[in-house]
Amino acid sequence: QAQLAESGGGLVQAGGSLRLSCAASGITFSLYGMGWFRQAPGKEREFVAAVSRSGGSTYVTDSVKGRFTVSVDSARNTVHLQMNALKPEDTAVYYCAATLSMGVRTSSAAYVYWGQGTQVTVSS
């Protein structure tokens, strides 16, 4: 069955960096676009970044533009989220997700498989 496993979260000081990874198994990775979402305590889940099938197109939300980069390692069925210049407001559980839809998708409704999430905490 499909599994998405996130890793790379942790505690970091403001201004620091983290690299999240999401390893996919049980799916034909090349058929799926991948996305990253996050959910802070007391808030709704929000879109962060997405990459289309085979990494042809990427998109990040405005609040992380210039700081976060999404990329795909097709050989390892893995998607990465490089997070630089982290801020305390980036603190959240980060989830990766997979969609069969074409292009980059920002709506969580488009995604059919989800990981368990990884905690990112940014201290001030």
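The analysis underlying the following values was restricted to heavy atoms, covering all of them including side chains, and did not include hydrogens, waters or symmetry mates.
Nearest heavy-atom pair across R38 and S63 is NH2-OG, 3.6 Å. The two residues A49 and L81 have their closest heavy-atom pair at CB-CD1, 3.9 Å. In plain terms, the two heavy atoms of A110 and R105 that are nearest each other are CB-CB, 3.9 Å. When all heavy atoms are compared, the tightest approach of Q116 to E6 is N-OE1, 3.1 Å. Closest of all the heavy-atom pairs between S17 and N84 is OG-OD1, 2.9 Å. Here the closest non-hydrogen pair linking A14 and S124 is CB-CA, 4.4 Å.
Atoms CZ and OG1, on R53 and T99 in that order, are 8.0 Å from each other to the nearest 0.5 Å. Between S52 atom OG and Y32 atom OH the span is 15.5 Å, to the nearest 0.5 Å.
Residue F47 is found in a hydrophobic cluster whose other members, listed by chain and number, are F37, Y59, V93, Y95, V104, Y111, W114; membership requires side-chain heavy atoms under 4.5 Å apart, directly or through intermediates.
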Would you tabulate the side-chain donor-acceptor contacts of residues 19-31 under 3.5 Å, counting partners in other chains and residues two or more places apart, or write 'none'?
from : atom 1 : to  : atom 2 : distance (Å)
R19  : NH2    : H80 : NE2    : 3.4
S21  : OG     : H80 : ND1    : 2.9

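Applying the salt bridge (charged side-chain N to carboxylate O under 4.0 Å, His left out) test to K65 and every residue at least two apart in sequence or in another chain returns D62.
Put simply, the side chain of V122 does not reach to within 4.5 Å of the side chain of E89, judged on heavy atoms. Put simply, the side chain of F68 does not reach to within 4.5 Å of the side chain of L18, judged on heavy atoms. Looking at heavy atoms from C-beta onward, V120 lies in side-chain contact with M83 at the 4.5 angstrom threshold. Side-chain atoms of R67 and D90, non-hydrogen and from C-beta on, do get closer than 4.5 Å to each other. Side-chain atoms of V48 and V64, non-hydrogen and from C-beta on, do get closer than 4.5 Å to each other.
When the side chains of ILVMFWY residues are joined at heavy-atom separations under 4.5 Å, either directly or via intervening members, L11 and L86 end up in two distinct hydrophobic clusters.
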Worked check of side-chain contact (heavy atoms from CB on, under 4.5 Å) between V60 and T69: CA-CA 7 Å; V60 297; T69 304; over 6 Å; no
